[in-house]
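A note on names: the letters A, B, ... follow the listed sequences, proteins ahead of strands, and every chain is numbered from 1.
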Amino acid sequence: MRSFCDDARIIISEEQVSADLGGDAAILNLKNGVYYGLDSVAARVWNLIQQPKTFRELRDILIEEYEVDGPRLESDLQNLLNQFADQGLVRSAE
Amino acid sequence: MKPLAHTYYVYGITLHSEILLALPEHGCGDLAHIELRTAPASYFVQALQGIALEQVDGSWYQIGRLPDGSSYLRWEGVGEFLISADGRHMSCRQFDRATSESFQVYMLGRAFSFALVQLGFEPFHATAVVIHGEAIAFFGSSGFGKSTLAAHFLSRGHKLLTDDLLLLQRTTNGVLAYPGPSRIKLFAKPARRFSLDTGGGVRMNDLTRKLIIPLGGGTNCSKAAPIRVAFSMAAPREVFAKQRIRLELLPPRNAFLELLKNTFNEHLLGAERLQRQFIQTSLLVNALSVRKLYLPRDLDKLSIMEIAVLSCLSTQPQEAACVN
């Protein structure tokens, strides 16, 4: 699993389309025709990275919004972004 | 080129046809225009030169995609169709053994769905009835009981909007459901139970006893109707015979998946179409209340189902309801 450093800029792929569904979200990867469902937390992250953000910026925003300890949030965020990257939905730029 | 002597209205589309069809000659058809012409066998033979036909899994029709983007469909014993890449032109040939009723079912269903998708619309596999001026849709694959449900509502004095193919359009005021052909497809036994006249019914094809039953006498609605409520029918394998009827309000994400999987056309899979389908479906989901309907295959339970369904039209949505 890759590890995103604080300054890694998370950029969403242009080859996808997404929709808000009552707080959750769905994404269609136009490259492979696969659909993804996001729960409300993942949808919030996805919404935030509609404009490129660094890992630090994402973490700092989310730590304010969710009642979760820092290390847990960081681990979950790394995991989520890795899943996005594995599916070709995002890329990172240092 | 032969003149298109007839003009019909179906699914909100104006259909200019060379041949007579069992469709209304008055109505609303402002969504798009399609031209339908007949063609000889040689026309299709020439068009298909070098094209490999694909036999669709689990069905008995063949599909071919031509380099210019047009689509070819063929049902043995029924007919063949060629739909232009822009969806505005359909060519057809009815095979000798086919009845006109059967031919029109496949033409205005599967074949027409290619034209609709190419024109930018998203047809669904659903049946809809109109109750007190409002449409209710039942989504589901073939054999899930959509038409049987609709026949029950017809027997209760309500009207059929469309059977099997449903076109929805999001408007500034909500969602509109458009009327289909005035016929319903049912087996003889449930049709007789709901007092539908099977005398005029014709078998869909040689492989089934399901009948194409024309509707008249005010049993069908020929105008678009607003729709707020939809039901996605659980597959027969998901529902046990003695299970209670259950309605489960779906969160938008699940409703989205239910609508997506009930697309009427799962063959046109280009990125542009998938993107459009995705966006249109998400807009619909945010405007409709969608419930999963678990209905045992028991005609005696349809009256109870009716009560449950009608209650969804008038009340605040409930998370889930079990009905005895």
**Q** Side chain, backbone, both or neither: which part of B:Ile279 has an atom under 4.5 Å from a heavy atom of chain A?
**A**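 For B:Ile279, side-chain heavy atoms alone lie under 4.5 Å from chain A.
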**Q** Would you mind checking which part of B:Leu257 comes under 4.5 Å of any heavy atom in chain A, side chain (CB onward), backbone (N, CA, C, O), both or neither?
**A**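 No part of it gets close to chain A.
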**Q** Could you please spell out the steps behind the ring-ring contact (aromatic ring centres under 6.0 Å, His included) verdict for B:Phe139 and B:Phe124?
**A** CA-CA 8 Å; B:Phe139 290 78; B:Phe124 291 100; 5.4 Å; yes
**Q** Do the side chains of B:Arg276 and B:Glu122 get close enough for a salt bridge, i.e. N-O under 4.0 angstrom?
**A**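 Looking at B:Glu122 together with B:Arg276, the answer is yes, because their closest N to O distance falls below 4.0 Å.
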**Q** Give me the ring orientation class for A:Phe4 and A:Phe55: parallel if the planes are under 30° apart, tilted from 30 to 60°, perpendicular past 60°.
**A**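 The arrangement is parallel - the two ring planes meet at less than 30°.
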**Q** Hey, which of A:Leu28, A:Asp39, A:Leu30 has the most heavy atom pairs under 4.5 Å with chain B?
**A**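 Winner by heavy-atom pair count: A:Leu28.
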**Q** Measure A:Asp20 against the heavy atoms of chain B and call it side chain, backbone, both or neither at under 4.5 Å.
**A**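 The backbone, not the side chain.
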**Q** Tell me whether the rings of B:Trp60 and B:Tyr106 are parallel (<30°), tilted (30 to 60°) or perpendicular (>60°).
**A**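 B:Trp60 vs B:Tyr106 ring planes: perpendicular.
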